[in-house]
Amino acid sequence: MKVDIVSIFPEVFDVLNVSLMGKAAAQQLVEVNVHQLRDYAEGVHKSVDDTPYGGGAGMVMTPDVWGTALDPLLTPESVLIVPTPAGARFSQQTAAQLAGADHLVFACGRYEGIDQRVVEHYSQHTTVMELSIGDFVINGGEVAVLAMLEAIVRLIPGFMGNPESLVEESHESGLLEYPSFTKPRSWRGLEVPEVLLSGNHEAIRQWREDQSRARTAAMRPDLLED
Ligand code: ADE
């Protein structure tokens, strides 16, 4: 998979080299290129934003600089991802879908976002997804892209040493994952649940399923309704 990221803070993505993305790059499953948006800006100030039409607070990133940056990166087969709190919810399902793509391009907006015509224009030429990582606002798309990329890359076939560990985790089944325990058996007066020591695989499976349901009902009742 080829990944291009365009941002005015490319150094944020230095962490990709130390996390599990570094492992993916070493295995040649992913090739990431980060581009400085300002390199495509004109004028001495290399300005990338302007005041919003219609008034209001904040600045909007201009379409011309984004057009100049994105034109050479995008092909009809690319998926252009624009992180925004006004986007569709990014989920485990989205991650699985994107893990099958050959080329992802992330356009990181700052300020009040990117002129909407950028999404409108590229939607005529390629797949464009406006995605939110949750119902909260962060200052820009960079951290959202790190989270999305980590979720996507670990699902690329061949990346995880043990693909079974993907099957049982939170959100794969639509439920939250059951709690886990390891040694010692007793810690500060707290015991590991007896059933996990029983060796009875069916009882353990049933207990874990019950725990998953109870935990989902307590923490995320909305998931049971879906
Ligand atoms: N940019 C700012 N907030 C965001 C969010 N919640 N998801 C994705 N991108 C964002």
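Whatever order the structure lists them in is the order used to number ligands and atoms, beginning at 1. On a predicted model such as this, the values are computed, not experimentally measured, just so you know. All residue numbers refer to positions in the sequence shown, counting from 1.
Counting protein heavy atoms only, atom 2 (C) of ligand 1 is closest to I138 O, 3.0 Å. What sits closest to atom 7 (N) of ligand 1 on the protein, heavy atoms only, is I133 N, 3.0 Å. At the shortest separation from atom 1 (N) of ligand 1 among protein heavy atoms lies P85 CD, 3.4 Å. Distance from atom 9 (N) of ligand 1 to its nearest protein heavy atom, with residue and atom name: T84 N, 3.2 Å.
For the residue pair E130 and T84, no side-chain donor N or O sits within less than 3.5 Å of a side-chain acceptor on the partner. Judged by distance alone, the side chains of Y53 and D115 never bring a donor and an acceptor atom under 3.5 Å apart.
Under the 3.5 Å distance criterion, the side-chain polar atoms of S47 are left unmatched by any main-chain donor or acceptor of G43. The backbone N or O of T94 lies less than 3.5 Å from a partner atom in the side chain of S91, making a donor-acceptor pair. Using modelled atom types, one side-chain atom of S7 and one backbone atom of F9 make a donor-acceptor pair closer than 3.5 Å.
Between N139 and ligand 1, no pair of N/O atoms sits closer than 3.5 Å.
Each of the following atoms of ligand 1 lies closer than 4.0 Å to a heavy atom of G134: 6 (N). Listed by number with element, the atoms of ligand 1 under 4.0 Å from a non-hydrogen atom of A144 are 8 (C), 9 (N). Each of the atoms 3 (N), 5 (C), 6 (N) of ligand 1 lies under 4.0 Å from some heavy atom of F136. Residue contact check: P83 has heavy atoms under 4.0 Å from atoms 8 (C), 9 (N) of ligand 1.
Contact annotation: for D135 versus ligand 1, there are no heavy atoms closer than 4.0 Å. When non-hydrogen atoms are compared, ligand 1 lies under 4.0 Å from the backbone of L131 (N, CA, C, O) but not from its side chain.
Across every non-hydrogen atom of A107 and I114, the tightest pair is O-CD1, 4.1 Å.
One finds a salt bridge joining R89 and D135 here, because a Lys/Arg side-chain nitrogen approaches an Asp/Glu carboxylate oxygen to under 4.0 Å.
Side-chain contact check for S198 versus I204: some heavy-atom pair is nearer than 4.5 Å.
G109 does not count as a contact of ligand 1, since none of its heavy atoms falls under 4.0 Å from the ligand.
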